[in-house]
Amino acid sequence: MFQYVVRRLVYGLITLLALSIITFTLLQNTGGDPLDRIKSNPRITQQAVQEMAVFYGLDQPITKQYLTWAGNFVQFWNYPTAWGRSFQGPQQVQALVINRLGGTARLMFTALGLAVLIGIPLGIYQAIKQYSFFDQATTTFSFVTFSTPIFVLGLGLQIILALKLEQWTGVKFFYTSGMNSTSYADFSLGEKIGDTLQHLALPAASIALISIAGYSRYQRASMLEVLHSDYLRTAKAKGLSQRTVIVKHALRNALIPVITLISLDIAGVLGGAVITESIFAWPGMGRLYIQAIGQNDWPIVMAVVMLIGVMVVVMNLFADLAYGWLDPRVRYD
Amino acid sequence: MSEPLLQVSNLRTFFTTEEGIVRAVDGLSFTIHKGEKFGVVGESGSGKSVTALSIMRLIEAPAGEIVTGEIHFKGQDLLRLGDEEMRKIRGAQIAMIFQDPMTALNPVYTIGNQLVETIMLHQEVRKSQAVDIGIQALDDVHIPNPKVRMDDYPHQLSGGMRQRVMIAMGLSCNPDLLIADEPTTALDVTTQAQILHLMLELTEERDTAVMLITHDLGVVAGFCDNIQVMYAGRLAERGTTDFIFDNTFHPYTAGLLGSMTRLDEVREERLYSIRGAPPSLINPSNGCRFTPRCDFAQDICGSKTPLPREFGDGHWAACHFAPDLDLSRVKRAERVG
Amino acid sequence: MKHLWQRRSLTWLGLLLAFALVVAACGDDDAATTTTAAPAAATTTTAAPATTAAPTTTEAAPEGKPYGGEAIFANDQEPPTLNSYAPGGDNFIVSIVGQGYWTGVQEIDGFTLEIIPEVVTELPTVANGGITLNADGTETIRYTIRDEAVWADGVPISGDDFEFTYNIIMDPDLPITRTTYEDIDPDSIVVGPKTFEFTLTAPTVQAELIFGALIPKHDVEGSDFINDWNDTMWVSGGPFMFDQWQKGEFIRLVRNPNYWKTDAVTGQQLPYLDSVIIRFIPETAALINAFKAREVDVINPPPSIETIEDLQTLEAEGAQIEVLSGPIWEHLNFQFGDNRFERNPGSYNEFLEYRQAVAHLIDKQKIVDEILKGQVEPLDSYVEAFSPTLSLGAWAQYDYDPDKAIALLADLCARADTDCDANPVSTVFSTTSNNDARVTLSQLFVGMFEAVGIVYTNELEDSSVFFGETLDFGGTDLGEFAWVGTPGLAGLVGIHDIFDPEAPPPDGQNFYRWGTPEVTGADPEGYNQGASSVIDENTARFAVIRDAMNATVDEVELIALMNEAEQILADQVVIIPLYARLDPGAVWADELGGFKHNPSQAGVTWNIEQWYRVDL
């Protein structure tokens, strides 16, 4: 077991190394020059551009740039200079990225938590009540939300629950955007909690609604498979109550496949939610990331990709360990 | 013969599908006596398993439904019991073991866990006692190192071992009736014999009645007192094992016997096979459902349903021409024993 | 609304694809290539407000305005740094925020678009003795600092701060753009307590734009200039002080109690507000919703006609929407480089008759009516877009006249060096496909070109391709895109640089390759191509004019040169200006007073010290 974990971690490191090389190579070959924006300004002389290139180390050969980046990147304790500078402004990438962790985590874990806490039980209940009115109604709802682009869903929620609801009732329930009010620091604890929820509700709901649809469909299918399994018939034939049959014999088996799904979603949390963050002006990683891509700001792109990579490696390992814990048939060797 | 244990009367179990209503069991009646070894034989889709699940009341609603009939077990009609009362019968008085031992045990719990769960459900014992009973049950089915095996997960055991566990589980509460649905089908031939032998031995000891469901007449031959041959949800022929083998009245039974392989026999001619395939049970036509496949069919067969008739001493057959057909060219030579 | 979603979704899809494929400089569908990004607070001399100013702000009552309160301005961009001199500091939003706390020589009046003195008593000119043209061809400039001008900590603003600013900019270890400052003779600098004097080795009108944001010596000296001032700001010289930057969310500015300016009308100490918040809401639809919900007071949204019409419905509820035509001007352009033949082997671009025919066959009024719902007039000159009073309207000679176009095409085909039977007159039009207005334009063109018998084809491209290889390598036949113009003389000089026949890409901005020489040895290979198809006395004269414009500070001479340049571009039909983009600014006027939208580089926050809460 210990050996297995160590081996997996070693593989993980190799994967991350490969990921960094591939991503770096792709970013170098996607046509853009980080200094394009500056170069297109005719008032900036060739000499100034050259100075800028030297300042950012862009005058170095590509391999050297990579090695310098990689050598610094792994020394993440050298905050905040370890991950290099942004090309958009000379801000330190590590500070920029870490700055987004709080907002990203708050939004993504809330959304994921809602999705798991609602989606999983919903799927189980749908399976138990297969073909009932409840099953049909919630299944339809799932398909509708799942096939709605998140852009439409997010703006829809924003217009109806933040804008129109206030116009109709005269009471502010939700804010259209932002993570907190700008005067948050002066609030009492109660006001702070209220303000946080009023801002968090809509973006978290946008992401959660779609995830709930996904999770419940997946969980429903997994549960149905278990419900039709031989060992469940055995359990019933033993005279076990419906409750015991479901809770003891069906649930654990039905949850196993979903664990992988959740683990990988946790791994993706750090990537943030590009569209939702933009719609709700949320200070998350997705916005940082997508803007960096648009600006050929590869130190930021690399940092975010590598963080997600680390999370994927860790959560994959976690998923496999959880699998083994839930399913005795899985062995590590 | 001793007193009746289970009396099934005019059982009809239908399933609703998108294509129509499947009449899986369509007017079946039979009786199993205390301690009797009762074989139910037929091809896939003949309604054997549905009959068993109907008795256990494990037909899955809303698709499946017991439409009519009575199932009297030790004097009470199982179909009129509440869910709670029925649960007390399941596992305790009527136990059931299934065809595929590889999938019939829950993969995420140990043998011991699943065994003890059953015992504690139906017997007023403490956990430690239940564990002891469980170990004893495993010992009874000749599982070596039963104490150690208690902590094993199903996937750590062979198919034969798992079926022994199923038998141990089924018999752990000393039921009056054990329904064994193709218990040996998924096992290799040597293991089959061992398992059958074990079942026979244990149920004889306990005077437990067995309803052995199989498609293989060879399996029932050495095991059962009585055999019921089913075809398309209905009774084809029923009688004592000896009588069925020796004095076959129904062409379908004869066909089954003719298509049996036997290791102790060298035959010149080709093995007989019943032509065609079992009929659809959705909106079946009038008349004998075996008609299209029967070598002896005549006009009446396609228009009039043959009711089961008794030909003395509990020998029943559902054929217009029973017992007058000469089935010898279909059937095999005498049973060896 | 649905329409808007679709368009935005495409943008996102585009961005995602960009990650996998091509990341080009101009990913945004509204991207216009910038000509003149002046450092810090920019520009202009004399220019009236742009063509169609919607309702102007009501003048505040002179009896006095209330103090206190907060205003929230929301923008779709966030500064990459607060330091305007650092890389990325030339970003527009940096100066929008900087209006709150910077001070410098000049600022732009949003009502008149005139450049006015800020920290100096008057703008140096030859007339007032601030500028001396020396016998050796050099130019001496002298600033006199206002006596009352102090930094927020009470330290007087002095000549030392000017010198320190100059020294920072010229520090060879710092990656800073030094254009114009490099022409200052370091030995010529004379520093006084309230004066600063220096000599430029060559006279240039660009000098009116320098020292727009002073760096306080006493606060910045000894710091790490590039690393220490990205997330925070040095001591303020403007109406507000930097207080807090919540990354990804907002920047808060608070009142500078020592601000040295008073309201010219009421005599009150400025600013009125206690604090200003600049919020960052990247998604336009969300920006509008936040405004509608009154979560923000002021927005300056991207100029889509749907957005403007949507916002205008709020005027009944107390909002005020100012729609000005901004300095971004759209134009048709002919490619004179070899690569146009890859797009259209039969291109007639080198023939004046053809270009004139195109100028006559285009119905600009119809284009403006369709694309901008008639909210602006079509342009008769690019100069109209940002310095209308200086415009000749030189393209007015090309009225919409299909018959004339047909006649011109007949003349073209009658030429000895053309053969319209073997090579029928054809046009291939290219622009960005992810900009609704341009797609509409391309559809309108089909009818207009075919009406005069030209074989017409649309070949639109994603902006990442169009603003990448296509523009760089001259891969268009007939193209269409936009430039941003800077008001004022310096801006006008800058705009003519892009037609400089001596400056083909990659070093120059003459993407049209009008009169350009052969290019060799450039990297990548696509830049290398033969000389322009049109090299004549006009291109030669233009090159002379262009050089002369960059070497004079004489306003009369400059205007004469510019007029000649404009006339050449129009007569030769190098480009065809179409229309200036709209630039909307919206404010909840029932809550916030003193707001005046400013479409120039100064931006909506130009008079932030004048904003006050109406509801107090």
Side-chain angles (χ1 to χ4, degrees), chain A residues 26-27 30-33 36-46 48 51-52 54-56 86-92 95-96 99-100 103 149 151-152 155 158-159 162-163 166 172 175-180 182-183 274-275 278-284 287-288 290-291 293-294 296 301, chain C residues 1 5 8-9 12 15 18-25 27-28 33-38 70 72 79-81 83 86-91 174-179 226-227 230-231 246-250 252 277 279-283 285-286 289-290 292-293 295 468 494 497-498 507-509:
Chain A
L26 278 175
L27 289 173
T30 42
D33 177 338
D36 268 350
R37 201 188 59 78
I38 290 163
K39 283 179 181 167
S40 72
N41 185 339
R43 307 216 25 97
I44 296 183
T45 57
Q46 281 292 328
E51 279 177 29
M52 218 83 86
V54 173
F55 175 71
Y56 283 120
S86 161
F87 296 146
Q88 299 168 68
Q91 298 191 66
Q92 298 293 349
L96 285 173
N99 202 288
R100 300 288 175 131
F151 196 85
V152 175
L155 273 182
Q158 188 174 69
I159 289 169
L163 202 56
E166 188 187 354
K172 191 157 203 74
Y175 287 93
T176 60
S177 52
M179 187 161 83
N180 277 119
T182 50
S183 45
V274 171
I275 296 171
S278 292
I279 293 173
F280 293 99
W282 194 268
R287 255 166 77 196
L288 182 74
I290 204 73
Q291 192 184 336
I293 288 175
N296 304 314
V301 179
Chain C
M1 246 6 228
W5 290 336
R8 282 289 159 183
S9 310
W12 288 118
L15 285 173
F19 174 55
L21 302 168
V22 177
V23 185
D28 185 10
T33 314
T34 316
T35 52
T36 51
E70 183 173 82
I72 302 180
T81 172
N83 184 350
D90 57 337
N91 220 297
L174 300 177
I176 292 176
T177 298
R178 307 190 182 94
T179 320
I226 293 297
N227 286 319
N230 294 310
D231 305 332
Q246 198 75 33
K247 295 276 173 67
E249 296 183 74
F250 62 86
R252 173 187 281 114
I277 303 281
R279 279 191 57 190
F280 312 116
I281 304 179
E283 190 54 55
N289 285 339
K292 285 182 178 171
E295 288 170 27
D497 286 349
I498 62 177
D507 296 327
Q509 301 274 307

Gap separating the CD1 atom of C:I281 from the CZ atom of A:F280, nearest 0.5 angstrom: 11.5 Å
Less than 4.5 Å to any heavy atom of chain C: does that hold for the side chain of A:E166, its backbone, both, or neither? side chain
Which portion of C:F280 sits near chain A, non-hydrogen atoms under 4.5 angstrom: both
Only pairs of heavy atoms separated by less than 4.5 Å count here; which of C:P87, C:A286, C:P79 has the most with chain A? C:P87
Report the residues that fulfil salt bridge (charged side-chain N to carboxylate O under 4.0 Å, His left out) with C:E249, sequence neighbours left out, ordered by chain and then residue number. none
C:E295 CD to C:R279 CZ distance, which is reported to the nearest 0.5 Å: 6.0 Å
Residue list, ring-ring contact (aromatic ring centres under 6.0 Å, His included) with A:F87, at least two apart or on another chain: A:Y56, A:W298
So do C:K247 and A:L288 actually touch side chain to side chain, heavy atoms under 4.5 Å? no
Can you tell me which portion of A:S86 sits under 4.5 Å from chain C's heavy atoms? Options are side chain, backbone, both or neither. neither
Toward chain C, the part of A:Y175 with a non-hydrogen atom under 4.5 Å: both
Pick whichever of C:G248, C:G88, C:A86 has the most heavy-atom pairs under 4.5 Å with chain A. C:G248
Is there side-chain contact between C:R178 and A:E51, with heavy atoms separated by less than 4.5 Å? yes
So for C:N83, is it side chain, backbone, both, or neither that comes closer than 4.5 Å to the heavy atoms of chain A? neither
Would you mind checking which part of A:L96 comes under 4.5 Å of any heavy atom in chain C, side chain (CB onward), backbone (N, CA, C, O), both or neither? side chain
For residues C:I277 and C:E70, determine if any side-chain heavy atom of one lies less than 4.5 Å from a side-chain heavy atom of the other. yes
When only pairs under 4.5 Å are counted, which of A:A162, A:P90, A:A281 shares the most heavy-atom pairs with chain C? A:P90
Between chain A and each of C:T81, C:I72, C:N230, count heavy-atom pairs under 4.5 Å; write down the option with the most. C:N230
